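Structure first, then comments.
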Amino acid sequence: MTAAAPEDDDLEALRRSIGDPRRWTVVIDFDGTLAPIVDHPDRAAPAPGAIEAIEDLARVCEVALLSGRALDDLVARLGRTPPGVLLVGGHGSEARHPDGTRTALTDLDAATAALDEVEATIRPLVDETAGWIVERKATSVAVHHRRVTPTEVDRILPEVRRALEGATSSAPGFVVLDGKAVVELRVRGTDKGVALRWILDRAAARADLLPGRPDIKPLVFGDDTTDEDAFEVALELGGQAVRIDELPSATSARFRLRDPGRVVTLLRDVRDALGPDPSVGTPRAAWDASDAGGTQAR
Ligand SMILES: [Mg+2]
């Protein structure tokens with residue numbers, strides 16, 4: 001990671017660098033990027049104009065949303081599903097194609113069984129009235145202890161960690177991750193970098209059918225540390241990344257947007273920079289469920 005990303009002014013350079021729309025696949029995070037951060041995750045909603053901006057973008061290039069939220073939760077938060085947009089949830093564990101069909105990118109049945117077992121072990125270990133929070137997602141169990149006293153953390157956390165580590169060898173394979181006042185058991189291989197490669201494979205398969213077989217490059221928008229995996233893959237593949245962040249956090253993104261309120265404007269700028277509808281047909285063909293890999297879930 002580099003120490004600090006450039007300032008907003010350099011977004012002009014980003015706009016200039018976007019030429020041929022066929023070259024770009026735009027991948028956008030949800031919370032903190034499309035949706036302003038709110039006190040409770042259940043109240044998150046797209047910023048005004050965000051869905052319309054995505055719909056416009058999807059007319060000129062491939063667009064995917066890539067969120068840590070479970071897919072059903074992401075769909076519910078969106079309010080309405082923008083046509084032609086690929087939705088990827090759970091840090092890349094599950095995808096919803098524009099026609100409504102879904103692809104499981106990890107063995108969710110095996111993950112569910114192992115996570116159920118871990119969750120059942122951990123809940124009795126921690127006292128939620130003392131501030132512990134056990135957060136269950138489709139591909140992870142996270143134990144938060146920000147509001148727990150240090151003495152209590154010292155006493156209980158080793159036991160919690162032992163339970164999580166005891167499950168790492170269960171199918172489909174897990175890792176234990178440490179964050180700020182949180183320890184998490186997550187399905188191995190479900191990060192946004194892995195997800196971005198899968199998304200780009202879909203887009204590239206379509207590009208092979210186009211005149212000139214243009215290279216597909218990712219343009220990734222995100223606001224958080226979990227987006228950094230996608231940023232790194234984007235740059236490795238010759239693409240670009242934009243970190244939306246009011247604070248000067250370390251990031252590998254080349255561009256930074258300090259005002260989250262300007263995301264919609266920037267997406268519109270990107271759409272304008274891509275120019276008029278290209279003569280290559282509808283981009284959404286890239287997101288057809290057929291030949292998507294993974295396991296057809298629905
Ligand atoms: Mg986010």
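Owing to the predicted nature of the structure, the values given are computational and were not obtained by experimental measurement. Order of listing sets the numbers, starting from 1, for every ligand and every atom in it. Side chains included, hydrogens not; waters and symmetry mates left out as well; all remaining heavy atoms used.
Heavy atoms from other residues, nucleotides or ligands lying under 6.0 Å from CZ of R147 number 12 at most. By the 6.0 Å contact criterion, CZ on R146 is open, its count of non-hydrogen atoms from other residues, nucleotides or ligands being 12 or less. Few gaps surround CD on E55; more than 12 heavy atoms of other groups in view lie less than 6.0 Å from it.
Among heteroatoms of the N, O or S kind in D31, O lies nearest the Mg ion (ligand 1).
Not one N, O or S atom of D227 sits under 2.8 Å from the Mg ion (ligand 1). Backbone or side-chain N, O or S atoms of D224 do not reach the Mg ion (ligand 1) at under 2.8 Å.
With L65 as the fixed residue, the side-chain contact (heavy atoms from CB on, under 4.5 Å) test singles out one of D29, I54, T33: I54.
For D29 atom OD2 and D223 atom OD1, the angle they make at the Mg ion (ligand 1) is roughly 80°, to 10 degrees.
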